[in-house]
Structures are given as C-alpha cells and as structure tokens.
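Here the structure comes first, spelled out in structure tokens, and everything after it is commentary.
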Amino acid sequence: FQNPPMLFGNLVTSLYGYDAACTASFTDVSDEGFTVYLNNSPGGEEDQDQVSYLAVDEIPAGFQAGTIQTLPADGWQTVEFESQFSEIPLIWAAVNTRNHATIVHVEIQNVATSGFDLRLRLDSGAGFIYPPGKPKKETLVWLAAEQPTAQALGQSGKIVVSSESWTRIQ
C-alpha cells in the first residue's frame, strides 16, 4: 500500500452455523498490511470463516472519506462532508482498531447531502471490556459516494433487510 488503508469488511460465511454474534475486526493497520480478527460473542465457536474486505489507500475521485476516534460511551458523532453531495450518498463505515475484547460495530443514521451521524455500538447484551488502564478510543473509518459514482467500482445500492431473513442481490 502507498498509505495505511481504510478497511471495510464483512463476514461472508458462517461455516459452522453460529448461534452467537460473530464479526470481523481489523487492527494493526499500516502501509505494510493489517490483521483480521474474528470476534465471537460468548457461546461462539473458535473456527474459521470467510471474510470479504475492501482496502482503500487512495480515495477515488467523487468519493469522500474520513476517520473518527470514539468510544461507545461517546454516543452519536456528526460527520460533515467537506463538500456537499448533490444527492444523498451511500455510506460505508467500519472499525479499524481492536482496543477491547467486546464485539462492536458501527451504526449510521440521518444520512443527508451534507453529512451523517455514526456511533460505535456494543454487541447486544455485552458489557464493554476495556484493557487495563485508561480506555483507548477506537478508530472508525468512513467512505461516501453518490450511487452513480460508487457504481463505477461495481454494483452498489441501498436495501432494507429484516432480521432473521435473507435477501439475494443479483
């Protein structure tokens, strides 16, 4: 990489039928690479799963990106775009550090042409476990683009999915 990349990823397969929350975390991000860690909530199994990722070290034309340092206790953080989009953009966000032992994820709301809100959220029912000493903030990364711009890189869009259901995109 030319620069430490922004990493976005998802658990692609749950090869062993997890009955507990499972997510992938990125850490040790540098221009030489990064580490992927599979997080399981209590009751999860220690097995291998497939994780898809996108590593962005140069922001494509028409996209905006940034980072935020935060803790779950910080609540919603407002992100303002450097320049306003002409239509409501698609947003991707991810945690790029692992400074604790609890599963966390990013939530996004109030997306507008001028910005959006995001927060770091704990796995449902989990207590936040900090390492010894002062809590260290997590690094959240975000990437935004209007749908036509994002489609230059591949298929993109918005979808509403209910819990406990599968939605196929073709």
Side-chain angles (χ1 to χ4, degrees), residues 1-61 63-77 79 82 89-109 116-145 150 152-156 159 161 163 166 169:
F1 299 107
Q2 298 291 326
N3 304 295
M6 299 174 88
L7 297 164
F8 304 90
N10 295 301
L11 185 67
V12 174
T13 57
S14 182
L15 300 175
Y16 300 96
Y18 288 117
D19 213 12
C22 184
T23 187
S25 293
F26 301 104
T27 188
D28 305 322
V29 180
S30 74
D31 57 355
E32 295 180 5
F34 54 91
T35 301
V36 181
Y37 182 85
L38 193 63
N39 298 296
N40 293 316
S41 66
E45 299 178 24
E46 296 289 331
D47 285 311
Q48 294 181 339
D49 284 310
Q50 182 180 350
V51 174
S52 66
Y53 70 89
L54 172 66
V56 179
D57 68 341
E58 292 186 31
I59 308 306
F63 284 74
Q64 294 186 47
T67 62
I68 289 182
Q69 305 289 315
T70 191
L71 292 169
D74 292 342
W76 291 102
Q77 307 290 309
V79 172
E82 189 173 303
L90 301 174
I91 309 287
W92 296 268
V95 181
N96 272 207
T97 52
R98 187 171 191 279
N99 296 325
H100 51 81
T102 302
I103 297 173
V104 294
H105 62 274
V106 180
E107 289 185 339
I108 299 170
Q109 70 174 13
F116 63 97
D117 297 331
L118 61 71
R119 72 175 173 181
L120 187 62
R121 180 72 184 240
L122 296 174
D123 176 28
S124 180
F128 198 69
I129 303 169
Y130 291 111
K134 184 178 178 185
K136 189 172 179 186
K137 293 190 174 208
E138 298 294 343
T139 300
L140 307 184
V141 297
W142 61 267
L143 186 66
L153 300 178
Q155 184 172 340
S156 64
I159 187 168
V161 180
S163 61
W166 295 87
I169 307 297

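For clarity, every value in this text was computed on a predicted model and none was experimentally measured.
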- Message: side-chain contact (heavy atoms from CB on, under 4.5 Å), that's the test. Do I68 and E138 meet it? Break it down for me.
- Response: CA-CA 8 Å; I68 289 182; E138 298 294 343; over 6 Å; no
- Message: Does R98 form a salt bridge (charged side-chain N to carboxylate O under 4.0 Å, His left out) with D28? I'd like the steps, not just the answer.
- Response: CA-CA 8 Å; R98 187 171 191 279; D28 305 322; over 6 Å; no
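With hydrogens and angles disregarded, no donor-acceptor distance shorter than 3.5 Å links the side chain of T139 to the backbone of Q69. Looking only at distances, a side-chain donor or acceptor of Q64 sits under 3.5 Å from a matching main-chain atom of E82.
Taking all atoms of both residues into account, the shortest heavy-atom contact from W142 to T67 is NE1-N, 3.9 Å. Residue V141 comes nearest to L7 through the heavy atom pair CG2-O, 3.7 Å, listed as atom of the first residue, atom of the second, then distance. Nearest heavy-atom pair across S30 and P5 is O-CD, 3.4 Å. The minimum heavy-atom distance linking E58 with N3 is given by the pair CG-ND2, 4.4 Å.
Between F26 and V95, the closest side-chain pair of non-hydrogen atoms is not below 4.5 Å. Considering only heavy atoms from C-beta on, I91 stays 4.5 Å or farther from L143 through its side chain. Taking 4.5 Å as the limit, every side-chain heavy atom of L71 sits out of range of all side-chain heavy atoms of L120. At a threshold of 4.5 Å between non-hydrogen side-chain atoms, the residues M6 and I59 count as touching.
Summarising the local packing, CD of Q109 is surrounded by more than 12 heavy atoms from other residues, nucleotides or ligands at distances under 6.0 Å.
Among residues two or more places apart in sequence or in another chain, the side chain to side chain donor-acceptor pair (under 3.5 Å) test is passed with D31 by none.
Residue W76 holds its CH2 atom at 8.5 Å from CD1 of I108, rounded to the nearest 0.5 Å.
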